[in-house]
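The structure appears below as structure tokens.
All residue numbers refer to positions in the sequence shown, counting from 1.
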Amino acid sequence: MSMAASASYLARRAAQKERVRILYRRALKDTLNWAVHRHLFYPDADALREKFEANKNVQDLETIDRMIADTEATYNKWRHPDPYVVPWAPGGSKFHRNPTPPSGIEIIYDYGREDND
């Protein structure tokens with residue numbers, strides 16, 4: 001294997017590993033949307049990990065690409081339709097509930113100082 005082919009192979013493997021890592025994290029977070037209680041989540045997370053671990057020794061680049069594409073398609077098919085969003089995060093029910101006042105508006109907190117002149 002030449003240096004160029006070796007570098008190309010290593011670059012492709014690194015890209016595949018990154019895609020698998022991102023896919024696993026997304027799937028794991030989505031599993032928590034389906035099983036919101038931890039006692040339900042842990043067995044599902046273990047099963048998901050086993051599915052990924054079962055194929056970690058595959059070496060053929062074309063097979064890996066096909067498996068990633070199939071897994072991404074399966075993930076997109078079974079993704080939760082209404083994922084949980086932390087209330088104060090973007091898209092949450094409390095996001096920007098009390099926005100900061102626009103510039104030019106000043107709030108003065110002078111409670112207890114009445115005009116007794």
(message) Just verifying a value: how many Å separate E53 CD and E50 CD, rounded to the nearest 0.5 Å?
(response) 9.0 Å
(request) Determine, using the 4.5 Å side-chain heavy-atom cutoff (strictly less than), whether F41 and Y75 are members of one ILVMFWY cluster. (result) yes
(request) Starting from the C-alpha separation in whole Å, work towards a yes-or-no answer on side-chain contact (heavy atoms from CB on, under 4.5 Å) for I64 and K17. (result) CA-CA 10 Å; I64 294 170; K17 286 179 182 182; over 6 Å; no
(message) Tell me the closest heavy-atom pair linking P83 and N33, and the distance in Å.
(response) CB-ND2, 3.3 Å
(request) Validate the cation-pi geometry between R21 and F52: distance from NZ or CZ to the six-membered ring centre under 6.0 Å, angle to the ring axis within 45°. (result) no
(message) With clusters defined by side-chain heavy atoms of hydrophobic residues (ILVMFWY) lying less than 4.5 Å apart, directly or transitively, does F95 cluster with Y84?
(response) no
(message) Minimum heavy-atom separation for A35 and D44, please, with both atom names.
(response) CB-OD2, 3.7 Å
(request) Check whether L28 and V36 end up in the same hydrophobic cluster, where Ile, Leu, Val, Met, Phe, Trp and Tyr are linked by side-chain heavy atoms less than 4.5 Å apart. (result) no
(message) Quick check: closest heavy atoms across L40 and P43, and the distance to 0.1 Å?
(response) O-CD, 3.5 Å
(request) Please answer: with hydrophobic residues joined when any side-chain heavy atoms are less than 4.5 Å apart, are W78 and L48 in the same cluster? (result) no
(message) So, using side chain to side chain contact (heavy atoms under 4.5 Å, CB included) as the criterion, who are the partners of R19 when residues are at least two apart?
(response) D65, I68, E72
(message) If I take atom NZ from residue K94 and atom CH2 from residue W88, how far apart are they, to the nearest 0.5 angstrom?
(response) 7.0 Å
(request) Drop me the distance from L32's CG to H37's NE2, to the nearest 0.5 angstrom. (result) 10.5 Å
(request) List the steps and the verdict of side-chain contact (heavy atoms from CB on, under 4.5 Å) for R49 and Y24. (result) CA-CA 8 Å; R49 182 66 184 212; Y24 175 71; 3.4 Å; yes
(request) Measure the spacing between NE2 of H80 and OG1 of T31 and express it to the nearest 0.5 Å. (result) 11.0 Å
(request) Over all heavy atoms of both residues, which pair between R79 and D30 is shortest? Give the atoms and the distance, please. (result) CA-OD2, 3.5 Å
(message) I need the L61 CG to Q59 CD distance, nearest 0.5 Å.
(response) 8.5 Å
(message) If the threshold is 4.0 Å, N to carboxylate O, is there a salt bridge linking D70 and R66?
(response) yes
